[in-house]
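Here's the structure, in structure tokens; my notes come after.
Naming convention: chains lettered A, B, ... in sequence-line order (proteins, then strands); numbering from 1 in each chain. What you are looking at is a predicted structure, and each value in this text was computed from that prediction instead of being measured.
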Amino acid sequence: MAQFYDTMLAQYIKNPGQRWLWLDSIAEREFEYKMISFDQITAKKTLNFEEVDLPQAAIYSWEDVYMTHKLYQNQKQNPYITQELKTDWILKSIEFPLMKVLSKMEMTWIKIERDILKWLGMQLESAIKELEIEIFSLAWENFNINSPKQLGVILFEKMQLPVIKKTKTGYATDEDSLNELIPYHPLPALILEYRGIAKLKSTYIDNLFELINPITKRVHTTYNQAVTTTGRLSSSNPNLQNIPIRTELGKSIRGAFIPEEGYLLLSADYSQIELRILAHIARDTNLLDAFIHDIDVHSQTAARIYDCDMSMITQDMRRVAKVVNFGIIYGMSAYGLSQELKIPPKKAQEMIDKYFNTHSGVKAYINSTIEQATRDGFVTTLWGRKRYIPELKSGNKNIREFGQRAAINMPIQGSAADLIKSAMINISKQIDNKRVKLLLQVHDELVFEVKQDIIKETSNLVKECMENAAKFSVPLKVDINYSNNWGEI
DNA sequence: TGCTTCACG
DNA sequence: ACGTACGTGAAGCAA
């Protein structure tokens, strides 16, 4: 088997925070060499050979080959990549093999039922029209509802509604602000409804429609392997990692994603993966206990925060605890929690104190991570993926505190990314590519297209692979679902 | 191009 | 006193 190497991925692993990973930027930075750009050799940005300056084009081609090789040599001698074994390991054991998995996923594509999408689009179109009429009559004039600027004038000047908060450029009209205005006037609620529908239509129906290949009836996404600072993938054109799911209307859009005739869509998602990883890294007694004994972790956290028995926990207490658990992973402040829960900052602070009093492992993890990150200038995942955080040394308190939150989050989010990447590589080696196709990765979820008659054994294989992708001090749990569309999964 | 808003994990 | 939860990508507006 031929050796694989990719200079861009190596550069990414060396420092995922670097903004420009394209060869020309790296050549300029590392070798102080300015490469000829594509635009420079083609007058009209097309590959029309009559308009190409051939001697220039020859140099252009040579540069691509030569600079790639030069960079390769440079990386091979770089003490960073040769001496730091773990970083080298990430590259060889995760990123290079993953490259082949992703390329297969990109070439497979996912099928879309055009008629469902078209029908939904028409429904939304008429809903939007009706809302427009209602909004314009309440505002006593026609205006562009999509323009935050024009909307601000209507709400805060014409209607004299109280200004909740401001942005750099004017009045804030985001969801939170509009929600607070609901008691004063019927307009804000209608605007929110309009926005929700308009957003779904333009981003997830109109755009998606244009990206369907008329012959194959499929869309293909691009997986970006070298963009995030934590090691996650991202997806674009279209972004299939943010297809709606949280509302009924959103879910109906997922219903248009269907499998090939004779196949089913199989979805496998890690349950509470980031909290499990936190339990493992922080060795927190409470979290370990919850996952080892398969106790609902949010209810358990609620019992600690409210200092009561698990049997006393209401739905609302559990909801609050869930917000706290997420907040911990993001390094939240009392203020942030108070905003999220719409409670006074003082109450939020009490809740956080209570959490840290009962979760000393998590508290110690946060403190030691910030200390280590500030000392070393970087954090790592369990697999050794690295992220530099220069913000930690900033003289600006806000920037510094942002660095601390990023330092708390990256080892958790990044380890989850490493984990699912390993699972993807493993699964790909074990499936029959004609009958089982990996289509999507959505951070903690994998979606496959599976021939109907082997759905049971494939489910088991995928579950096994994902749950055993790492040996942690807590078990990993994967939920499996399959259906004839992505909406019912 | 930058900003605002909002979809997802 | 100050700003305030991590990581993304896309659409639409305004300049």
Is the closest basic N to carboxylate O distance between A/Lys354 and A/Glu350 below 4.0 Å? no
Categorize A/Glu445 for me: base, sugar-phosphate, or nothing, with a 4.0 angstrom heavy-atom threshold over every strand shown. nothing
Out of B/dG9, C/dA10, C/dC13, which has the shortest distance to the side chain of A/Tyr330? B/dG9
Look at the side-chain N and O atoms of A/Arg246 and state whether any lies under 4.0 Å from the OP1 or OP2 oxygen of B/dG9. yes
Heavy atoms only, 4.0 Å cut-off, all strands: where does A/Ala334 land among base, sugar-phosphate and nothing? nothing
Does A/Lys168 contact B/dC3 through a side-chain donor or acceptor facing the base, at a distance under 3.5 Å? no
Does A/Gln241 contact B/dA7 through a side-chain donor or acceptor facing the base, at a distance under 3.5 Å? no
By the 4.0 Å heavy-atom rule, please label A/Ile243 as base, sugar-phosphate, or nothing. sugar-phosphate
Over how many whole Å does the gap from A/Asp174 atom CG to B/dT4 atom C1' extend? 9 Å
Distance check needed: C/dT4 C1' versus A/Ile408 CD1, whole Å only. 13 Å
Touch class at under 4.0 angstrom, heavy-atom based, for A/Gln339 against every strand present: nothing
A/Gln413 CD to C/dT8 P: how many Å, rounded? 7 Å
Contact class for A/Lys397 (heavy atom, under 4.0 Å): base, sugar-phosphate, or nothing? base
How is A/Phe326 classified with respect to the nucleic acid when contacts are heavy atoms under 4.0 Å: base, sugar-phosphate, or nothing? base
Give one of base, sugar-phosphate or nothing for A/Val324, where a contact means two heavy atoms less than 4.0 Å apart. nothing
Do A/Glu113 and A/Lys118 sit within salt-bridge range, that is, some charged N less than 4.0 Å from a carboxylate O? no
For this output row, return yes or no: ring centroids of A/Phe136 and A/Phe143 closer than 6.0 angstrom. yes
Any ion pair linking A/Arg254 and A/Glu488 (charged N to carboxylate O, less than 4.0 Å)? no
I want to check one thing: is the phosphate of C/dT4, taken as OP1 and OP2, less than 4.0 Å away from some side-chain N or O of A/Arg405? no
Between the base of C/dT4 and the side chain of A/Ser333, is there a donor-acceptor distance below 3.5 Å? yes
Counting side-chain heavy atoms from CB outward, which of C/dG7, C/dT8, C/dA5 is closest to A/Val227? C/dT8
